[in-house]
Asks: 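Starting off with a structure, shown below.
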Amino acid sequence: MPPVLRCTATLPSVICTKQLCRVGPSSRSFSTSPRHEQRTTRARRGLFRWLQTVGQNFANPLESSTNYLSAYNTLGQLKRVVAAAKDNERAKGQTGSSTSADGSKNSSPDGSKASTEIPPESIRDLKPFPLNGAFISQPVLGGMVKEEIWFRIMIEGKSVREVSAELGVEMARVGAVVRLKEIEKEWERIGKPLAHPYQNAINKMLPKTLLAPPGERPNLHETINDLPVHRATGQQIWHPTSESRHFTREDAAKVFDEKLLPADARVPHPELAILHKEQIERLSPQERQERAAARDAIAEKKRAAKAARQAKKEAAIKKVDTGRWEFHFTDVNVDAAGKTGRGHKGVGWRYGQPHDDRTRGKIKIPTSVE
């Protein structure tokens with residue numbers, strides 16, 4: 001059996017094993033210069049300088065404001081706050097200290113409240129990417145605005161057009177808000193968890209359109225009466241006309257297409273154009289209210305007639321529920337298929353007869369444009 005060396009363990013750097021004693025690596029450095037990872041480079045100093053100035057604004061963000069990089073200067077100060085302070089100092093230098101009626105002196109025309117409030121955001125503060133100055137962050141709808149849209153449509157029974165005109169939100173966005181709110185309320189009903197913390201965090205980073213107080217003018221979220229581009233107006237037409245003729249928008253629409261409506265009728269909210277015309281005509285408020293009431297009555301009659309037709313159509317359908325499926329039976333007239341038997345109101349027009357696309361001598365190229 002080979003002899004085994006026993007360690008006396010007098011030095012702290014000696015490591016004992018079962019059979020051999022080995023000396024471990026020494027922690028002593030034979031170089032007086034620091035290692036590469038311990039050196040304070042220029043980039044490292046700039047990083048800590050940024051964390052102590054501008055970075056503090058993102059560690060402790062503002063509550064009711066966006067926090068984009070382009071909104072702060074190199075010292076970590078809001079540019080709009082610095083600009084407002086300079087404007088106040090300039091106004092103070094021009095006007096001086098003014099003495100009020102009770103003998104008190106105000107150092108600024110607006111008092112001390114103007115110096116403590118944060119000015120509203122400008123376009124310069126809504127650029128999240130410093131290297132892309134053309135990109136501007138657009139506002140999103142606040143939570144109360146979405147709830148108000150859903151309440152007015154689903155509870156009060158207003159139309160999408162009315163809510164869009166009242167709150168200054170486009171009709172397509174109003175419909176999207178109602179659909180998403182219905183999904184959200186359905187998830188809340190079945191107990192499905194929602195990502196409210198994520199939503200709140202995102203809303204703090206983006207500009208928002210808030211709900212105006214009662215009795216005040218609503219905050220306009222976007223333009224709601226932009227004219228949609230019709231495909232018939234994509235071409236450029238030189239239409240000669242006499243100077244003595246009164247060329248209107250109706251005439252311009254007829255030049256592009258005989259069935260094309262004028263611009264006043266194709267906008268999403270033609271009633272707003274009518275109201276503007278009545279203001280230009282200098283009508284009295286009473287006359288404008290009477291005309292608006294007459295238009296509302298006509299629109300209400302049309303909606304009631306449409307609802308009655310839809311209800312009559314639904315009542316004519318016989319429904320049989322088997323538990324798994326629900327069959328719908330509708331009475332159909334035989335003559336609805338037409339003389340050729342291919343009428344779209346007939347039964348089986350999709351699969352009752354084969355298409356004649358490959359019939360010999362069939363002309364598939366249109367011979368006229370209507």
Side-chain angles (χ1 to χ4, degrees), residues 47 50-51 54-72 76 78 117-118 120-121 123 125-132 135-224 268 307 310 314 319 321-328:
L47 170 63
W50 186 88
L51 290 175
V54 183
Q56 293 294 326
N57 299 313
F58 304 103
N60 303 309
L62 297 175
E63 289 295 333
S64 59
S65 175
T66 56
N67 293 278
Y68 296 149
L69 288 172
S70 57
Y72 298 94
L78 273 175
E117 291 183 352
I118 298 178
E121 298 158 334
I123 297 179
D125 304 314
L126 299 179
K127 297 180 180 180
F129 308 110
L131 299 182
N132 187 5
F135 182 86
I136 299 175
S137 180
Q138 300 297 327
V140 298
L141 291 176
M144 294 301 298
V145 180
K146 297 178 183 178
E147 288 289 341
E148 185 67 19
I149 290 174
W150 178 86
F151 180 81
R152 295 190 183 186
I153 291 181
M154 302 303 298
I155 305 300
E156 296 183 355
K158 294 185 178 180
S159 64
V160 176
R161 191 182 302 274
E162 293 176 357
V163 176
S164 174
E166 291 173 359
L167 299 180
V169 183
E170 192 183 6
M171 289 194 295
R173 197 179 305 278
V174 170
V177 168
V178 173
R179 289 191 294 269
L180 292 176
K181 292 299 292 184
E182 282 292 313
I183 295 175
E184 179 182 347
K185 294 185 181 299
E186 177 65 20
W187 285 10
E188 291 177 352
R189 187 183 64 82
I190 63 178
K192 191 172 183 179
L194 301 177
H196 285 304
Y198 175 77
Q199 179 184 6
N200 297 333
I202 293 298
N203 287 336
K204 291 181 180 179
M205 302 178 187
L206 298 174
K208 297 179 290 297
T209 300
L210 303 177
L211 187 65
E216 295 186 5
R217 191 174 183 180
N219 299 324
L220 184 63
H221 179 70
E222 56 193 341
T223 57
I224 61 175
Q310 186 67 21
E314 290 290 336
K319 300 179 182 180
D321 190 2
T322 61
R324 185 177 180 183
W325 308 101
E326 187 180 45
F327 297 94
H328 293 189

Asks: Under 3.5 Å, is there a donor-acceptor pair between the side chain of Asn67 and the main chain of Pro61?
Replies: no
Asks: Looking at CZ of Phe151 and CE of Met144, how far apart are the two atoms once the value is rounded to the nearest 0.5 Å?
Replies: 11.0 Å
Asks: Looking at NZ of Lys158 and CD1 of Ile149, how far apart are the two atoms once the value is rounded to the nearest 0.5 Å?
Replies: 12.0 Å
Asks: Which atoms form the tightest heavy-atom contact between Leu141 and Val169, and what is the distance?
Replies: CD2-CG2, 4.1 Å
Asks: Under 4.0 Å between a side-chain nitrogen and a carboxylate oxygen: does that hold for Glu186 and Lys192?
Replies: no
Asks: What I'd like to find out is whether the side chain of Ile183 reaches to under 4.5 Å of the side chain of Arg179, using heavy atoms alone.
Replies: no
Asks: Does CD1 belonging to Ile123 count more than 12 external heavy atoms closer than 6.0 Å?
Replies: no
Asks: Looking at Met171 and Pro268, what are the two nearest heavy atoms and their distance?
Replies: CE-CB, 3.6 Å
Asks: So, for Gly76 and Asn57, which heavy atoms are closest and what is the spacing to 0.1 Å?
Replies: O-ND2, 2.8 Å
Asks: A side-chain contact here means heavy atoms from C-beta on lying under 4.5 Å apart; do Phe327 and Lys319 qualify?
Replies: no
Asks: If we ignore hydrogens and angles and just use 3.5 Å, is the side chain of Tyr68 paired with the main-chain N or O of Ser137 as donor and acceptor?
Replies: no
Asks: Could you tell me which residues satisfy salt bridge (Lys or Arg N to Asp or Glu O under 4.0 Å) with Glu147, sequence neighbours excluded, listed by chain and number?
Replies: Lys181, Lys185
Asks: Check step by step if side-chain contact (heavy atoms from CB on, under 4.5 Å) holds for Asn219 and Leu211.
Replies: CA-CA 7 Å; Asn219 299 324; Leu211 187 65; over 6 Å; no
Asks: Are there more than 12 heavy atoms of other residues, nucleotides or ligands under 6.0 Å from atom CH2 of Trp50?
Replies: yes
Asks: Looking only at heavy atoms, what is the nearest atom pair of Val163 and Arg152, with distance?
Replies: CG2-CB, 3.9 Å
Asks: Can you tell me how far CG of Leu167 sits from CD of Glu162, rounded to the nearest 0.5 angstrom?
Replies: 11.5 Å
Asks: By side chain to side chain contact (heavy atoms under 4.5 Å, CB included), which residues pair with Lys208, not counting sequence neighbours?
Replies: Val140, Asn203, Leu210
Asks: Is any side-chain N of the basic residue among Glu222 and Arg173 closer than 4.0 Å to the acidic one's carboxylate O?
Replies: yes
Asks: Distance check, rounded to the nearest 0.5 Å: Leu62 atom CG versus Ile118 atom CD1?
Replies: 4.5 Å
Asks: May I ask you to test the Trp150-Val177 pair for a side-chain heavy-atom distance under 4.5 Å?
Replies: no
Asks: For Ile224 and Gly168, which heavy atoms make the closest approach, and how far apart are they?
Replies: CG2-C, 3.6 Å
Asks: Please give me the minimum heavy-atom distance between Pro139 and Thr209, naming the atom from each residue.
Replies: CB-OG1, 3.8 Å
Asks: So do Leu69 and Phe129 actually touch side chain to side chain, heavy atoms under 4.5 Å?
Replies: no
Asks: Spell out, as yes or no, whether a donor-acceptor pair under 3.5 Å connects the side chain of Glu121 to the backbone of Thr66.
Replies: yes
Asks: When the ring centroid of Tyr72 is compared with that of Phe58, is the distance short of 6.0 Å?
Replies: yes
Asks: Looking only at the side chains, is there a donor atom on one of Ser164 and Glu170 sitting less than 3.5 Å from an acceptor on the other?
Replies: no
